[in-house]
Amino acid sequence: IYCVHVPVIIFYDINDYSLENNFINILLITLIISYFTFKLIENKFHKDIKISTKKFGTFILSICSLVLLCSYFISYLSNNFLEKNKDNLFFTKKNHQKNFIKNYNIHKKNNYTKIIIIGDSYSQDFLNILMSINPNYEIRIIYSNVKCNPFKRKEKISLDCYFLDDKLDLLKKSNLIYFAFNWDFEKTQDLKDYLDNNLEIEKKSIIVGKKYFGRFKKNKFKNLSIKEKSEITNDVSPEFEKLNKYMKNKFKKFIDLKTISCPSKYKCKLFTKEGQLISFDGGHLTTKGSKYFSEELKINTYIKLISQN
């Protein structure tokens, strides 16, 4: 079983089948193949075989060399792809801080609306959206590692993590606070509990919903026309719909990103009407994707608050 399950999963993944929806099929195929390989191959060769140390060492060295060579080749191809498509890819945390974040003095009195965005890599997507709407916004981002939960203090905390109360002075000096995370049910509830206990922060807080476009392979669409691309929708997990509905019920001030990109409950767009890819990995936005969302959000009540403050 341990030798068979990975190739079966890879087969389903390569052919764009949903792993979640085909779990039973994957399990059954794995068990059937494992049974026949055990009966027809392993049993026949299950005996002591003497292998010289020299041959065994040569074999292991050859396998390691092959793995390293393949890794280098894949890395080379990936780097070339990133270089050629750098204008369409997600801006990393480092690039955000270098190119987009205006580290204004939040304690200084001025006429600008002081905005704070709190979150993981999804918050950086939201930053790109706001920058596409108005590059002159005064924004500070408080980045949270995806493994951290800033709403719930723990006894032992990583150096990369923080608790939101540690940033309380900064939050109080702001006019608007946007929370943008790769949400799950636990983190959503923890934020709700935190805001219920901090009403001053809750009054200026706006929660940005999760965006998700499902699993897909970009190469599958390369020969399609612009019209065909613009009409494509992709399957998304029912859990995404449940989470989005759960969040809308939890928070009064909620920006629903799902309604922008998903024409139905379990189907989401992959391309803009110009045939540009919205997300490069199913979760994060391309630069064209950021502009697509910014056009849709310009009239959103909770984005217009920036100009009203």
Side-chain angles (χ1 to χ4, degrees), residues 9 12-14 16-21 78 81-82 85-97 100 117-132 141-150 160 178-188 191 207-221 229 232-248 254-272 276-297:
I9 290 173
Y12 269 81
D13 190 39
I14 288 174
D16 290 330
Y17 293 111
S18 168
L19 298 182
E20 294 89 352
N21 296 336
S78 299
F81 174 79
L82 291 172
N85 297 276
K86 59 185 178 181
D87 292 334
N88 290 322
L89 294 178
F90 165 67
F91 294 105
T92 63
K93 175 189 173 189
K94 182 178 179 182
N95 286 335
H96 271 307
Q97 292 176 333
F100 288 95
I117 303 175
I118 301 172
D120 49 28
S121 57
Y122 281 58
S123 71
Q124 294 159 40
D125 266 348
F126 187 64
L127 174 64
N128 272 346
I129 293 171
L130 291 187
M131 291 290 101
S132 296
I141 193 165
I142 300 178
Y143 178 79
S144 174
N145 190 303
V146 69
K147 297 178 181 178
C148 304
N149 186 346
D160 295 330
Y178 291 93
F179 292 92
F181 282 83
N182 181 11
W183 298 104
D184 55 35
F185 288 97
E186 181 183 357
K187 194 167 285 185
T188 300
L191 172 59
I207 287 68
V208 181
K210 182 176 178 177
K211 57 198 180 320
Y212 179 61
F213 305 88
R215 297 168 63 86
F216 60 89
K217 304 292 182 183
K218 294 185 285 292
N219 290 336
K220 183 179 177 181
F221 312 114
K229 287 179 179 177
I232 289 174
T233 56
N234 196 38
D235 293 332
V236 295
S237 168
E239 286 298 306
F240 178 41
E241 168 64 21
K242 290 179 184 176
L243 176 62
N244 202 62
K245 189 175 180 180
Y246 179 75
M247 293 188 73
K248 281 198 285 188
F254 178 73
I255 298 177
D256 187 357
L257 297 182
K258 184 178 184 296
T259 56
I260 294 174
S261 57
C262 304
S264 63
K265 281 186 177 181
Y266 310 122
K267 295 279 188 180
C268 292
K269 296 178 183 177
L270 292 181
F271 295 89
T272 66
Q276 300 288 345
L277 197 63
I278 296 174
S279 169
F280 69 90
D281 65 353
H284 299 97
L285 300 177
T286 62
T287 52
K288 299 295 183 184
S290 296
K291 289 178 181 177
Y292 167 76
F293 272 87
S294 69
E295 288 299 318
E296 298 292 331
L297 286 173

| field | Neighbour count above 12 (heavy atom, 6.0 Å) for K291 NZ | value | no

Nearest 0.5 Å, please: how far is [atom2] in [Y] from [atom1] in [X]?
X	Y	atom1	atom2	result
E186	T188	CD	OG1	9.5 Å
Q276	L270	CD	CG	13.5 Å
I260	C268	CD1	SG	11.5 Å
S144	N182	OG	CG	11.5 Å

Mind listing the closest non-hydrogen atom pair of [X] and [Y] along with its distance?
X	Y	result
G283	Y122	CA-OH, 3.6 Å
S261	F293	CB-CZ, 3.8 Å
S123	I117	CB-CG2, 3.7 Å
T233	P263	CG2-CG, 3.9 Å
F181	K187	CD2-CD, 3.9 Å
T272	K288	CG2-O, 4.4 Å

Sub-4.5 Å side-chain heavy-atom contact between [X] and [Y]:
X	Y	result
L257	K210	no
F213	D281	no
S121	V146	no
Y292	L277	no
I232	K269	no
F185	L243	yes
W183	L191	yes

| said: Ring-plane angle category for Y178 and F126, please: parallel below 30°, perpendicular beyond 60°, tilted otherwise. | reply: tilted

| Where does the angle between the aromatic ring planes of Y212 and F240 fall among parallel (under 30°), tilted (30 to 60°) and perpendicular (over 60°)? |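 Ring orientation of Y212 relative to F240: perpendicular.
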
Can any side-chain N or O of [X] pair as donor or acceptor with the backbone N or O of [Y] at less than 3.5 Å?
X	Y	result
D256	K248	no
T286	I278	yes
S279	H284	yes
K258	K265	yes
N234	R215	yes

| field | Verdict with reasoning, K267 to D235, per side-chain contact (heavy atoms from CB on, under 4.5 Å) | value | CA-CA 5 Å; K267 295 279 188 180; D235 293 332; 2.6 Å; yes

| request: Have a look at I129 and tell me which of L285, I255, V208 forms a side-chain contact (heavy atoms from CB on, under 4.5 Å) with it. | output: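 So, applying the side-chain contact (heavy atoms from CB on, under 4.5 Å) to I129 and each of L285, I255, V208, only L285 qualifies.
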
